Number of protein chains: 2
Amino acid sequence: MAIVRFTRQRQAVLEAVQQSTEHPDAAKIFDEVRHVVASISLGTVYRSLEALVAEGHLLQIQQPGMPTRYDARLENHAHFVCDSCGEVFDVLTKLPDVTPLAAQALEGFDVNSARVEFHGQCKRCRQN
Amino acid sequence: MAIVRFTRQRQAVLEAVQQSTEHPDAAKIFDEVRHVVASISLGTVYRSLEALVAEGHLLQIQQPGMPTRYDARLENHAHFVCDSCGEVFDVLTKLPDVTPLAAQALEGFDVNSARVEFHGQCKRCRQN
DNA sequence: GTGGTTGCAAAGGCTTTGCAGGCAC
DNA sequence: GTGCCTGCAAAGCCTTTGCAACCAC
């Protein structure tokens, strides 16, 4: 296994995601990071994101038909996805842990996490 | 709005997903459907899947880095995703409805469904 | 007959990868 | 100095789309 280096590029990618209020995708992150490391390439953004996810610094959010988004909020939390505009919002309310229920239902499986995702219409789309 | 036609192709695609024990992706469905409608094209499979999802006959399951999978089980249920092999399993245990909690946390939003997804290692991968 | 649907092939969007040079350690 | 990382560009994978022929209604 290779030793991970904290290069300017990698650090800039991490910070771009952390400072984003939304849940940006690779293209959006690329745009942001260019302001910090002008020479960075999109390929490096993807490789940095991959490394950061592997190291547990970022989470991925995937929705059908949309590019992968990244989330720097590591505490366990749910997401709300607007079915109209595709925007993703954090849901920080504490939810009951249903992992034990699944573990019971799936004998012989190792269930170690649960992700909850809500769907509907966000405030703004609802008003239009 | 167009009237939807139940062509041989569309019906064969639906049946292929319904008869599959796993949660197949478009390529896998294409392979299956060819045995029924030999001349079908992959493009038609995608268009049929799109129509079937829009009509509510199928659900989509998306995981980062994997092609979209389809699920014909319409009753509300959770999925377990094996982080080792990527396989998706149904979790049919009844889980508490957390939608009201999210609705409360997201004022002004219209929260109309919740999806729960468990992660871990499946029985087979655990034994290897 | 009408217009949604199909098959084919090309194009599209997002992401990964090969390579030579560069830089963190 | 070593070998991981970068920038660039090409390739890859999955999916969508344009078009003319086709067929369900």
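Bear in mind that the values here come from a model prediction, so they are computed numbers and not experimental data. Just so it is clear: chains get the letters A, B, ... in the order the sequence lines come, proteins before strands, and each one is counted from 1. Reckoned from all heavy atoms, side chains included, excluding hydrogens, waters and symmetry mates.
- Straight-line distance from the CG atom of B:Leu52 to the P atom of C:dT5: 11 Å, rounded to whole Å.
- If you measure from atom CD1 of A:Ile40 to atom P of C:dG22, you get 18 Å, rounded to the nearest angstrom.
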Contact state string [nucleotides 15-25 of chain D, B base, S sugar-phosphate only, - no protein heavy atom under 4.0 Å]: BBBB----BB-
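- Pairing each heavy atom of B:Leu52 with each of B:Val13, the nearest pair is CD1-CG1, 3.9 Å.
- Ion pairing between B:Glu117 and B:Arg115 fails under the 4.0 Å rule for side-chain N and carboxylate O.
- Each of A:Leu59, A:Val33, A:Leu49, A:Asp71 was scored for a side chain to side chain contact (heavy atoms under 4.5 Å, CB included) with A:Val17, with one residue passing: A:Leu49.
- If you measure from atom CG of A:Asp31 to atom P of C:dC14, you get 12 Å, rounded to the nearest angstrom.
- For residues 62-86 of chain A, the pairs satisfying ring-ring contact (aromatic ring centres under 6.0 Å, His included) are A:His23-A:His79, A:His77-A:His79, A:Phe80-B:Phe109, with sequence neighbours left out.
- Checking the phosphate oxygens (OP1, OP2) of C:dT6, a side-chain nitrogen or oxygen of B:Arg10 falls inside 4.0 Å.
- The shortest non-hydrogen separation linking B:Ala78 to B:Leu95 is CB-CD1, 3.9 Å.
- Scanning all heavy atoms of the two residues, the minimum distance from A:Pro64 to B:Gln60 falls at CB-OE1, 3.6 Å.
- Rounded to whole Å, atom C1' of D:dC5 lies 15 Å from atom CG of A:Leu49.
- Per the geometry, CZ belonging to A:Phe30 stands 13 Å off C1' belonging to D:dT6, to the nearest Å.
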